[in-house]
Structures are given as structure tokens and as C-alpha cells.
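The analysis underlying the following values was restricted to heavy atoms, covering all of them including side chains, and did not include hydrogens, waters or symmetry mates. Chain A is the first sequence line, chain B the second, and so forth, proteins listed ahead of strands; every chain is numbered from 1.
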Amino acid sequence: MTQIAQFVERAEQYAIKSGQSLSTISRKLLNDGKGLSRLKEGGQCTLKTLDRAESVLAELEAALNAPLVREMSHLDRLEAESIHIMREVAAQCENPVMLYSVGKDSSVMLHLAQKAFYPSPPPFPLMHVDTTWKFGDMIAFRDRRAKEVGMELIVHINEEGVAQGVGPFTHGSAVHTDIMKTQGLKQALDKYKFDAAFGGARRDEEKSRAKERIFSFRTEQHRWDAKNQRPELWNIYNTRVQKGESMRVFPMSNWTELDIWQYIYRENIEIPDLYLAKKRPVVERDGVLIMVDDDRLPLEPGEVPMEKMVRFRTLGCYPLTGAVESEADTLPDVIQEMLLTTTSERQGRVIDSDAGASMEQKKEEGYF
Amino acid sequence: MSHQDALISEDIIAYLEAQENKSFLRFITCGSVDDGKSTLIGRLLYDSKLIYEDQLASIEKDSKKSGTQGDKIDLALLVDGLAAEREQGITIDVAYRFFSTDKRKFIVADTPGHEQYTRNMATGASTADVAVLLIDARYGVQIQTRRHAFIVSSLGIKNVVVAINKMDLVDFDQSVYNDIEVEFRAFAKELGFADITCIPMSALDGDNVTSKSNKAEWYRGPFLLQYLEDVDVEERSLDLPFRLPVQWVNRPNLDFRGFSGTVASGMISVGDEIIVIPSGKRSKVKSIVTFDGDLERAREDMAITLTLEDEIDISRGDIICRKDNPAEQADQFQARILWMTDKELFPGRQYLMKSVNKTVPVSVTNIKHRIDVNDLSETAVKTLGLNEIGVCTLSLGGPIAFDAYDQNRNTGSFIVIDKHSNETVGVGMIDFALRRAKNVVWQDLDVSKTVRAEQKNQSPVILWFTGLSGSGKSTIANLVEKKLLDLGRHTYTLDGDNIRHGLNNDLGFTKADRIENIRRISETAKLMVDAGLITLTSFISPYRAERQMAREMVEDGEFVEIFVNTPLEVCEARDVKGLYAKARAGTIKNFTGIDSEYQTPVNSEIEINTVDMSAEKAAEVVVQYLEKNGYLKGPGE
């Protein structure tokens, strides 16, 4: 078959697939509505003309095929996997809840939940375990977002801890976190009898998390037994629990910190302002900048809070969350800083700075 | 390389936009402890600049404490996670690691290579598209190499990289490399890989890992990362037939009814004609709904919600297919099962099977053979233990839609769950349906006694227990029923308690009433046999003629008379319910054995003398009889 004959055949094929008439295509390819039929009847053209027409045709064919083989980017795939996990819980568990910690990961998780069930609202409530020492801005953001999304918001505070006056300054960070956060979470799960709780943890956060299952089985005492986790193959998840037992479900297990930021940027997801740099009153404690969020922060004699341009890389209890000095006051700037920075995300979190395996211990005890 | 991109500091927005369209690859690394697997992954993370300073500092600290590389940083410590493992110096579970380049994001399943960790390797392989098999250049293809290759091929991985590692220790000798390549390709022939790429490498020094090594000039192929960035694993799966396993029915209000799920394979467009398996109902796609707006088309791996033109009943676990190429459906399969727990797999025991989105009861009817993961030899076995792989036949509590695992990993895979502990005890890959119902929709299948019985993997029968009051009929019948239940069989017992109080509460104990009593019981038992059940009846049934009537109501072989032969004196001495005393005292009339006749059977299939035999033993005799006479398998077998 001659080159011209092949070209004509391709053009005809394209006409069938695209549903356009041959003369239309002929105009597009050869600037001449009758060009194709002339070629078909044995007419000739220059090689240059044929080359140009072939490349135009290739573009047209590509455009026609493009939506057929639409590539899924890594973010599309991560999103789809998270949605699959959330739907599985909604379909299989009796009483699920989404733990909402107000941070950027929770913001992404909430956004994914909206996507998973659209046009229905997510068929479970949000729950925040409030240690009473969160940044004021976090609480305002939390209440507003829950209302906007139209989900029920459960706020649980460990009242026993409050009654005992537990706080990071009086009891130290470890005791405070254990009582107000870990114990508070267990209380809340017991109180509402949730059999599945979504969390925003990711495997890239810390070494022991790398082996965490997506559906993480917990005993009635909320314990995590590293050696007794269920195998997870394909995307088939075993969601079955006995009464009293529960699942912690991590739909964003396979996301990395960079994925989170890219996704927030791509999807334009709202996150608390605390992530962006702003002038904030801070004091320096053991080399860590702590924001004076309210008047409960005891100041040393003569200590005066300084106004500094700071932002936060993670959000938690304000006395336990170190700020970093930064000029990054837009999302791209924050991502830029993150990519250029050389220390990992959890470093700003006081709780992790113990021995290497500390997170594993905490998890066995029921920390999320 | 990647995240050192100059764009980050110069134009972050341009960088972000460029990064949005990365592709994605999941791969698994296999090798035994000393092949340098963790070092390889550590190297990939390290060279992709994904280790932060504080992490590196802690690794440096740990390297001095427990590292094995002297003054060099022990990169393996980056990936050896759990405390117990770090002490033992081995990885004992699957760990997932992440890194990315400008082109791709990668998820690495890091799995241990010991024989006892077959299950972990299978776990890692189940979601991977590429396997990187490490071979120590000094030792060449080992038994474990064969094992790893077999496991990844069983899990359906088509693309394999053979990383011939520690080439530095053999001076990058090309002939060493060639010998290993030739040997590997020879034995891998039968494993069905689509593509095998061998790479000479030193993970420790980074040769041919993230850049081309200048120590192996003779090697012309890609370095590892180059291969991983370029390998195309998508092409094939998009051409597969469309499958949407329904995960969740989306009904926000009466006007919207959508079917949510993740597309398991293929593509679908608005307007396409669909068929639902197993119901066989048909319709057309009305819309493809997502939060970001309706789509014209959807493809594999997308999490979507479909709405249809017609209101048809679809529930979770159904698979929506394109009409031109529907999934198969069946309730009996041959499958390969990998057992994952210490408690052995016993044929006949009931488990739960979860395939795509559907959970159904399942029992293994037969283990054809076990496959030795080291040399692929086949051995006949009665049970499967931890980490063993067997070819089995399965019987399900109901039909499911499926494809063969070879054809479709998403719709051909399943997990096995223990009914009591809820643990995941095994996983499986469907080979084929035993009774083909290909492209036949469920309503078209004639539901007969045979079909019902086959589904239950048994031949229905009436076990007719007869004997005096207090002879032990009900005790034995109850034990038999329990044993059958344990074997995964479907049974029902008719006895005085459930018949006299309901169906027959208008009947007394005169001869006429006794005959009517037995007639109704026989009719009921017959219906149950038609339903495919093993039906136990426990009545004195004193008259030969009525027992014969019952026998003649069902087909040959469907009636087994069990004469519980306990002498009157013994029954009267036991007098469990105090009835003999009352009969002797005259307060009960027409009591069999006292003032009413018992006609001893003459041609019972089984006779049990309870004076010589315990009830437990008697029950065993009955079950053995059933087993021996083929009642515990389907009528077709």
C-alpha cells in the first residue's frame, strides 16, 4: 500500500470514529474539502504536504483517544484508594466515626469523605477529642467546618482529667497527652460504642507506622498488637469485629506529607491559618518556640512574649507544638519551604522526641 | 535527582503543577536477609533525598549501636521498623515505603524472605505490579529465589526485575552475571512472567540503583530506577472487560439511586449497556457521578458512582459489567489457597469468604494437592498448614460474580475469614468454576433438588430414627446433627418438641392419630429433602406400615431407617421423662411398649444397641454410614 493510500485509510477510520464527514476532515488536514477524495482516486500531493497532513491527523487521533486512556496521576490513585476504604467502612461497620483533629491531614480526610459519598453527606459523625489545650483558632475552624460540611460533630473532653486539673504545665507533656488524649479517646470510643474510627495517620510519618495495616484491629482494651495484625491483601479488607472490639481505619496510609500538601493545593482545601506564617506572640522554651495562645501559659519572671513571623508544621496542644520562624504566608510558599527544609515533620511535636521505638509503645497502649 | 529540582526555589507554582501529573507504581522487593534488600530500599530513599536530617542523624546514631557497615551509614536501618525486628536484625512483617521522582510516585512493599514468611510476601505481592527479586551474585539462583519467583508469579505479577546484587564482591564479572541470568530465565519459563529484566547491581555502593554504574560497562540495560520509572503496567488492564463491584448503594433521597464502587477493570461510558451479575438484570448507564462533576467515561481504579436508566435492584457485592462481556458466576470453584494461620485448614469446615465486596459462607470440599513453594512439586494432603499453598475445590453458600485470577486480579481474589475469631486465616485465587454457568444469568438456571443439594455439597436424605420412648433416639439424632454441622452440612431435625406443639397439636395418641402424625411428618421430611437438607426425624413410629409409607414417599436411597434398639426394661429403668411410671400407673393411655404395640423393624439400614454403645459412638456410626454411602457429597459427584 502506498503512503498516500495508508494516509487516506487512516483519515477514513478517523472519520468513522469521530463521526465527522470526510470533507470536514479533508479541510482540517489539507485545507481543501475535496483533497481527500482526490487522493483516494489516485491524485498526488507533495511529500511536504503529506507530512504536514499526517502530523495534523496524528494530533486529531490523539485528541480523540485521550479521554479513553485517561491517565490517573498518583494523586488520583491515592484519592481513589482512600475513597474505596471509606466506602468499605460505611458499608460494613455498624457504627463508624471519623476522628477529626483539625490538622491538615484531617482536612484532607474530611474532603475525601465528602467525595466518597457524594451526593450523600458522609454517613458518620466527626469526633474531636479536645484536650482543652488546643489552639483557639483550631476550635473555631473545627466548628465552622463541621457546620459547612453538614456533619454531626462530637466533641469529647476527658472530664476526669479536667477535674484533676491535668495540663501540660502542671503534669508534663507525657502525662497530659496520655490522660487528655489517649485516655480521652478510649473513653469516647467506649461511650459511643464506635466499632470503627477513621484516623488520618500515614505510614510515612514514622517507622513503626510503616507496618500498620489500613484496617488496624484493636482489642476491647483498645490495644494494638504488632504481632497479631490481620494480613491485608489486594483491596479486600476484613472489617469483622466482635462486640466491644474495634477497628482503627487509616484511609490515607499510603499518602506522604508531600502528597498531602500537593493535594491541598490541587483541590484548594481549606486548612487552619496556623499553617501559614503570621506575626504571633511566642516565647522560647528549650530551643522551641511556643506560641502564647492564651493566658494559661505561665511566663517566667521578666519573660515577655516576642512577636515573630511564625507558622506551625503540625497542630496539637499549643504548649506542646513548636513554631518555626517563617515568611511563608501562602500555601505554595509553605510547600516550597517544606520541600527545601531538611528536618522531618514530627520533629515539632514534643511527644516524639523520646527513644526510637516510643511510638510503637504508645500505639500498643492505644494512642492513635 | 528529583526533589532537588531548581523549580522548587525558582517557581514553586510551576513545580507543583508539574508534579501533579506523576504516575504511580507499586512494587515489591524480595530477597532473604543477607541479599541486601533493606539496604537497596534504604539506598532508593537516600538517593531520592527523602531522608530528613533528623532522621539521618538518628540513623547515624543507630548505625554505631547496631549497624553492620562499620563507619558507613547502615541504610538498612532506615527501613527496619518494629523494635523486635531491630533487635533480631530481620524484617518480620510487610513494611510499606514511599519515594518519588519527578516522573513517578513509588510504593515499595518490603517483605521478608524466609520460608515461614510466605504469607507476608504474598501480602506485599498482592498489590504490586512489579517484583524486584534480589540475588546475591556470589551464590546465584538459590532455592529461595525459586520460592520468591513462584510466589510473585502466583499472585499475578507479570514484570520482574532480577537484581543481581553484591556485584562489587565479584568484581562486576560479566560471566557471573550471565550465568545467573541464563539460569533464572530457564527456570522462570514455566512461571508465566511477561517481562524479565536482569540488572547487575551493588545496593551498598549504589551501582545501577539510581544511576548507571561505570563499573559494569558491559551492561547495556537500564539501571533500576530507570526501569521502575519507565515500566508500563497499565496497558493490559485497561483492555480488560469492564467490572464495577458494587460497594455501597448511594441513596441520599428518593430521587437518586447510585451504585458506588471502585472500577476493578476496563472502562465504561455513559449510554453503555450493562448487565448485573449474578442477578442478570440489564440496563444502561445514565450518568457517572463524582464530587467533581459527572464524567463521560470512567476507567479502572477510579472510585465512581453509577446511575442507571432503569430502576433495578442491585446490592453490595453484585458486579456491574458491560453487556458484551459479563463476569462469570458460580458457587463452586477450584482455587489456590494460601493458608495464613497456625490453625490448619480442614476440608468441610465452614469459613467465610470475602471476594471483591461480597461475603459468603464457604467450605473447602477437597484439597487436591499442596504445592511445595521451593520446587513446585505436588503432594497429596488432608489439611493445609501455615504458609502452605494448596489447590482446593470450594463450595459457597451462594453464587458470586467472579473472573479467573489469571484474567483479573481484582475480581478473582478472595480472603478466608474464621467465623468465630474473625481472623483472616487464608487467601485465595480463583482458577475456574467447577460447574460452569458462564454467561447464564441466574434466573435461567433451573433450581431443582439436585441443584439445591449440590450447592450444599451433600445428598439429601431422611434419617429416620425409630425406637421406644427413652431409647435415646433424640440424644443420638442431636449428636449426629452437631457432627454434620461441624462438617459444614445443612440439616434439620423433626422431633416431638417441634412437631407435636405446632403442626400436629390437633392430634392425640390413638392409633389413627399416630398414623396421621407420621404421615404429616413424612410429608414435611419429604419437602425438606426436596430442599436439599439432611433431615433427621426422631419419633417412636411404632408401626412398620407407616415407616414403609414414609420410605416410599421419597426416592430410592433417600430414606435411612435407624433402629435405636434399646430393650424395654432398659428404657423403663432409665425413664428419663417419668412417662413409663405414669403409664404403669395408668395415667397415660396407649403408651408404646406398655399398652400399645411396637413393631420391631426388620430391614433397618442401621441398628444401634444402646446398651453396648454410647450415644457418641452411635452418632459416629451414623455419620460414617453417611460418609461411606456418599451422602456427604453433592449428587453430581
Side-chain angles (χ1 to χ4, degrees), chain A residues 67-80 83-84 87-88 90-91 114-121 203-204 207-208 210-211 226-227 229-236 238 240-242 253-254 256 258-259 262 265-266 332-333 335-336 339-344 347 356-357 360, chain B residues 3 8-9 12-13 16 19-24 52-55 58 62 81-83 93-98 100 104-105 107 119 122-123 126-127 238 247-248 250-252 256 260 262 267 289-291 296-297 299 301-303 316 340 354-356 409-410 413-415 417 422-424 427:
Chain A
L68 270 172
V69 288
R70 202 196 126 193
E71 286 261 327
M72 284 177 81
S73 72
H74 72 298
L75 291 177
D76 295 334
R77 283 176 183 280
L78 290 168
E79 177 190 87
I83 288 175
H84 179 84
R87 286 173 174 171
E88 196 63 13
Q114 285 183 280
K115 286 198 168 192
F117 302 101
Y118 177 83
S120 298
R203 283 170 174 156
D204 82 321
K207 267 196 288 192
S208 84
K211 304 192 174 187
K227 284 165 208 70
Q229 292 292 299
R230 295 174 179 175
E232 257 172 14
L233 285 90
W234 302 289
N235 59 358
I236 307 180
N238 178 353
R240 298 175 69 87
V241 293
Q242 313 270 10
S253 285
N254 288 328
T256 62
L258 180 57
D259 297 328
Q262 281 180 350
Y265 176 73
R266 187 183 91 169
D333 289 348
I335 300 174
Q336 182 177 42
L339 288 170
L340 296 175
T341 194
T342 50
T343 48
S344 73
Q347 208 203 20
E360 195 180 333
Chain B
H3 301 295
I8 295 175
S9 42
I12 183 65
I13 290 175
L16 285 171
Q19 294 285 314
E20 266 178 23
N21 294 313
K22 274 193 241 187
S23 62
F24 186 80
Y52 291 110
E53 269 174 13
D54 54 339
Q55 286 175 330
S58 101
D62 288 354
L82 298 181
D93 205 332
V94 192
Y96 296 93
R97 305 288 163 195
F98 308 87
S100 59
R104 265 198 173 155
K105 171 181 164 112
I107 299 184
R119 68 173 201 165
T123 302
S126 72
T127 50
L238 281 180
Q247 204 181 0
W248 189 72
N250 196 336
R251 295 216 75 170
F256 187 94
S260 301
T262 306
M267 296 190 280
V289 178
T290 77
F291 180 84
E296 274 302 307
R297 274 198 193 90
R299 53 152 281 173
D301 293 330
M302 289 172 66
R316 179 182 156 87
M340 297 209 154
K354 186 171 181 186
S355 68
V356 254
R409 279 168 103 186
N410 290 323
S413 52
F414 61 90
I415 63 173
I417 301 170
N422 288 330
E423 280 172 81
T424 302
V427 301

Checklist line | Residue, of A:V241, A:I236, A:I335, A:I83, that accumulates the most heavy atom pairs under 4.5 Å with chain B | finding: A:I236

Next item on the list: Heavy atoms only: give me the nearest B:F98-A:R203 pair and the separation to one decimal.
Entry: CE1-CB, 3.5 Å

Next item on the list: Only one of A:D76, A:L78, A:N254 passes side-chain contact (heavy atoms from CB on, under 4.5 Å) with B:F24; say which it is.
Entry: A:L78

Item checked: Top contributor to chain A interface from B:I107, B:D301, B:T127 [non-hydrogen pairs under 4.5 Å] -> B:D301

Next item on the list: For B:R104, check side chain to side chain donor-acceptor pair (under 3.5 Å) against everything at least two apart and list the hits.
Entry: B:S23

Next item on the list: Considering only heavy atoms and a distance below 4.5 Å, find which of B:R316, B:E296, B:M340, B:R251 pairs most often with chain A.
Entry: B:R316

Next item on the list: Name the option with the most non-hydrogen atom pairs under 4.5 Å to chain B; the candidates are A:A90, A:P119, A:A116, A:S73.
Entry: A:P119

Margin query: According to side-chain contact (heavy atoms from CB on, under 4.5 Å), who are the partners of B:T424, at least two apart in sequence or on a separate chain?
Written below: A:R230, A:P231, A:N238, B:I415

Note to self: With a 4.5 angstrom heavy-atom cut-off, is it the side chain or the backbone of B:F256 that approaches chain A, or both, or neither?
What the structure shows: side chain

Margin query: Between B:Q247 and A:A91 (side chain of the first, backbone of the second, donor and acceptor by atom type, cut-off under 3.5 Å), is there such a pair?
Written below: no

Notebook entry, point to check: Between A:R266 and chain B, which part of the residue has a heavy atom less than 4.5 Å away: side chain, backbone, both or neither?
Noted result: both

